[in-house]
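The structure appears right after this line, and notes come after that.
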Amino acid sequence: VIRRAGRTNAGLVPAQEPLTRRKVLRGRTEQGTEVWVAPMPGFTKAYALATTRYGSIDTLLPDGTVLPVGIAHFLEHKMFQTPEGDVFDVYAARGASANAFTTFDHTTYLFSCTSRFDENFGTLLETMARIHTDPKGVEREKGIIGQEIAMYDDDPSWRGYFNLLEALYVKHPVRIDVAGTKETIAPIDPAILRRTHEAYYHPRNMVVVVAGDVDPGRVLRRTGEILRSDAPGTRNRRVPVEEPADVAKAEATQALSISRPHVLLGMKDVPPGSGEALVRTQTHVALLLDVLFSDGGRIQTPLYEEGIVDDSFGASYEAEADFAFGVVSAEVDAIAPYRERLERALREAVASGLTEEEVERSRRKVLGRHLRTFNAPESVAHWLLGVSLEEAGLGAGVEAVRSATREILEGHLRRLAAAPRAWSILVPRAESALTPKKQ
Amino acid sequence: VTKRLAPGVRLHVLRTDRFTTTLCRVALHRDLGAEATATAILGQVLQSGTTRHPSREAVAHRLADLYGASLHVGVEKLGDRQLLAASLEWPTAFVPRPARVLAEGLEFLREVWTDPKRGAEGALDPDIVRTEQVNHVRNLRALKDDKARYALRACIEKACEGEPFGLDGEGREEDVPGATPAVLAALHRRLLSTAPVEIFLVGDLGLEEAAEAVRKRLLWPGRASRIAEPPPPVSVRAARSRPRRLVETDQVVQGKLVLAYRAPVEPTSPLMPAAQTLAGVLGGGPYARLFKVVREVHGLCYYASASWSTAKGLMLIQSGVEPKNEPRATRLIRQLAAEVGRGVLDRKALEGYREAMTHRVKSLADSRGGAVGWYQEALALGIDPSPRRWLDALRRVTPAAVRRVGKSLGLDTTFFLGPPAGAATPAKAAATTGAS
């Protein structure tokens, strides 16, 4: 049970979310770790995230050493091992549920608990602070990760997505599979894991976010006490990759054991910059994609009614400081007719433009979705992590929704429709394909 | 708290003010059998158009106007029963005129549930039905794209052959053409009139207030006075005397292994918590034996888990392994299952499972979906719905009780989905070709 008595906000500065006016506290430890706390009175569960700004696109050590592909994800697995045993066991003994994930630009460790928050939070921070690399454990982990990779090899959404990125990008490391391959993780050894940890798991490069009914001042203090390093370290500032505007190849095809083709269209966008500009573009493009591709959307409706697409149809947009791309994905019966129909629908949307009504409806939807964020500590924490990593204000997202106009969204539509394109196509293997029946 | 609103219609209210949205779920219970496919398609058709909002586009626009409400209509499997449920979640705080938005949400849910777009002679709209028939066939075939899910489904189908539970909740491809507009209209009319219905409302409303709102805005006329109570969702039996091993080939990189064990333990049996503990200690999470031994000690897999199906006395074990390691993994899994079944409860695994369940029960207060699912299952299976008392019972489970379950537990079916013998593992690089 978490006691309310003696709570402090010492060292933390309050800010307000503009839509719900909920309070969020922000601070920084002496060694530079950013700390965010969202007090959520009434919730039983507390949820904590510890993140390093280091992910699969960081392919070099600061001194220029080339890292094995997949090492960020490998490190994520290894951090759970300590000389005393597995960190999962420590959490499990207290009923907490722990996990971690690796993305293009960050690696996050997390837990949720309904009791003994302080102890679990200490474990989370200690996990990040130290690395334990016994050679035997490293070798065994290669087998486990090998099976994780094998699982992704059979997963059509994973394969379709990374094949698309390989086609879209020529040089940018976003084209590399986050997990690597069995071959690329083979040379990973304790020494390179230790050097990577020292370089990128420095307090200055980390962000801690907690959502729940916790003592905010204590969260800041504990973070400062445990995330410490005597080594000099800095915030990971990435050198922008000079990526050609055009795509690496127009099409990537792979045969997989699936029931019908999966088709992804990638649109390679101009990177929108960082901070508020990044959030603005992400939000405005999200609104545009909602107008066009969501259920009842401008392009979704006719294609669904014509039987060309079904519920598997959708679109997304991913943008960071030096890369940005939009993806439209679908599972279809026939590839060529779908491609032609989609291209025509995009051309028609550019020609006719959007309506005020469409934009207003999507604005309501996106704001409604944002409101739902506050229904769970998990979603609040992930939202705050985004706010921190994007380096925009707490209200930047809501602000961007409010500032969206038909003209702005049409500008994004024209640019994306004209952007260099690549297609990723997964075709059913001949021997396992189910014969399509005409309905 | 629960209130009976009409013959066979119960309202369950979970009052809470901590959420920004309200959740309402209407679910009807029916047998899982010949009409499973038609019932699944009916769910799709219901969310595709109403008399007032006659297309998916119009439905989507209405949802957007309700501040991005989310609607889901679909079928679920609860033991030997099939549920058809419609859920709406919509913002009712931080919006202008919240009371009116609450009423509008309930009214829209009624519209979707009771007033589908129709064609000639009262049949459901033929264009919508045709589209959803095609989509249903696509969805059934696409089940095979998710290899782990496919293997689990195939194993259940074999282990529960001849039982309703052996059928997928979404039905079968061969039954799709029979789900015509006229058949669906008759099915819809019959289910709304005679099937038992549970309504769950989670929001900032007391029981009386909620009952009045639901009566006025959601409840529909025409309920029959005699309710068609479907057969019970529960049926358990012992494993077959000689376990079967089934292998299916597919061009996969990773093999998918599923083991189905059975024990004739009823949900209301005093041994139920021991059965759940057996599965939990064996494969409930990263603290459990399968994770510790098959993954951590032998490095054979990324995931290995076990779960207990309360309604069916069925323990399902799943793992993804390299095809050549399948015999070794199966052997290890069977050894561990036998060990836990003898009542050998690893201290850390037992403690981990109990703590994880404590966490799960406490988290119910924060998760509306979790709480609704919990009560729904307890009500249907006739077990005490109190999470607290369940937890107490779990904490009292002894090794002897687990041993008693273990004695009646037998391996029924092993299913392995793997590449054809001698087939080269498809290499990623070789399979990817570029064409510019």
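In what follows, chains are A, B, ... by sequence order, proteins preceding strands, each numbered from 1. Note that this is a predicted model, so its numbers are computed, not measured.
- Remark: aromatic rings of A:Phe80 and A:Phe88 are close, center separation under 6.0 Å.
- Ring orientation note: the planes of B:Tyr287 and B:Tyr353 are tilted relative to one another, at an angle of 30° to 60°.
- Interface remark: A:Leu19 contributes backbone atoms only to the contact with chain B (heavy atom separation under 4.5 Å).
- Proximity to chain B (any heavy atom under 4.5 Å) is shown, for A:Leu367, by neither the backbone nor the side chain.
- Electrostatic pairing of B:Arg141 and B:Glu173 counts as a salt bridge here, judged by a charged N lying under 4.0 Å from a carboxylate O.
- Taking the six-membered ring for Trp and the full ring otherwise, the centers of B:Phe108 and B:Trp90 sit at least 6.0 Å from each other.
- Crowding of A:Glu357 atom CD: a count of heavy atoms from other residues, nucleotides or ligands under 6.0 Å not exceeding 12.
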Would you please test A:Glu358 and B:His61 for side chain to side chain donor-acceptor pair (under 3.5 Å) and show each step? CA-CA 9 Å; A:Glu358 284 174 321; B:His61 290 176; over 6 Å; no

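- Both the backbone and the side chain of A:Thr20 have a heavy atom closer than 4.5 Å to some heavy atom of chain B.
- Of all the listed residues (B:Ala60, B:Pro91, B:Gly352, B:Ala64), the one sharing the greatest number of non-hydrogen pairs under 4.5 Å with chain A is B:Ala64.
- Note on A:Arg22, A:Arg21, A:Arg369: by heavy-atom pairs under 4.5 Å with chain B, the leading option is A:Arg22.
- Within the 4.5 angstrom heavy-atom criterion, only side-chain atoms of A:Gln81, from C-beta onward, approach chain B.
- Heavy atoms closer than 4.5 Å to chain B are found nowhere in A:Asp290, neither backbone nor side chain.
- Using a 4.5 Å cut-off between heavy atoms, B:Arg360 makes no contact with chain A at all.
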Side chain to side chain contact (heavy atoms under 4.5 Å, CB included) evaluation trace for B:Glu104 with B:Arg62: CA-CA 10 Å; B:Glu104 285 180 1; B:Arg62 180 68 189 128; 3.5 Å; yes

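- The pair A:Arg260-A:Asp310 counts as a salt bridge, with a side-chain nitrogen and a carboxylate oxygen less than 4.0 angstrom apart.
- Using modelled atom types, one finds a donor on one side chain and an acceptor on the other under 3.5 Å when comparing A:Glu148 with A:His77.
- Interface residue B:Ser70: backbone and side-chain heavy atoms are both found under 4.5 Å from chain A.
- There is no contact between A:Thr373 and chain B, counting heavy-atom distances below 4.5 Å.
- Only the side chain of B:Tyr303 comes within less than 4.5 Å of a heavy atom in chain A; its backbone stays farther off.
- Interface residue A:Val309: only backbone heavy atoms are found under 4.5 Å from chain B.
- Neither the backbone nor the side chain of A:Lys136 comes within contact range of chain B; no heavy atoms are under 4.5 Å apart.
- Proximity to chain A (any heavy atom under 4.5 Å) is shown, for B:Ser363, by both the backbone and the side chain.
- Using a 4.5 Å cut-off between heavy atoms, A:Asp89 touches chain B through its side chain atoms alone.
- Residue B:Leu300 touches chain A through its backbone alone, counting heavy-atom pairs closer than 4.5 Å.
- Residue contact with chain B, scored on non-hydrogen atoms closer than 4.5 Å, is absent for A:Tyr91.
- Note: A:His370 and A:Phe374 have perpendicular aromatic rings, judged against thresholds of 30 and 60 degrees for the angle between ring planes.
- When heavy atoms are compared at a cutoff of 4.5 Å, B:Glu132 approaches chain A solely by way of its side chain, counted from C-beta outward.
- Residue B:Ala93 touches chain A through its backbone alone, counting heavy-atom pairs closer than 4.5 Å.
- Nearest heavy-atom pair across B:Pro420 and B:Gln251 is CG-NE2, 4.2 Å.
- Contact annotation for B:Glu296: both backbone and side-chain heavy atoms come within less than 4.5 Å of a heavy atom of chain A.
- Residue B:Val297 touches chain A through its backbone alone, counting heavy-atom pairs closer than 4.5 Å.
- A 6.0 Å sphere centred on NZ of A:Lys142 holds more than 12 heavy atoms belonging to other residues, nucleotides or ligands.
- Around the CZ atom of B:Arg149, the shell of radius 6.0 Å holds no more than 12 heavy atoms that belong to other residues, nucleotides or ligands.
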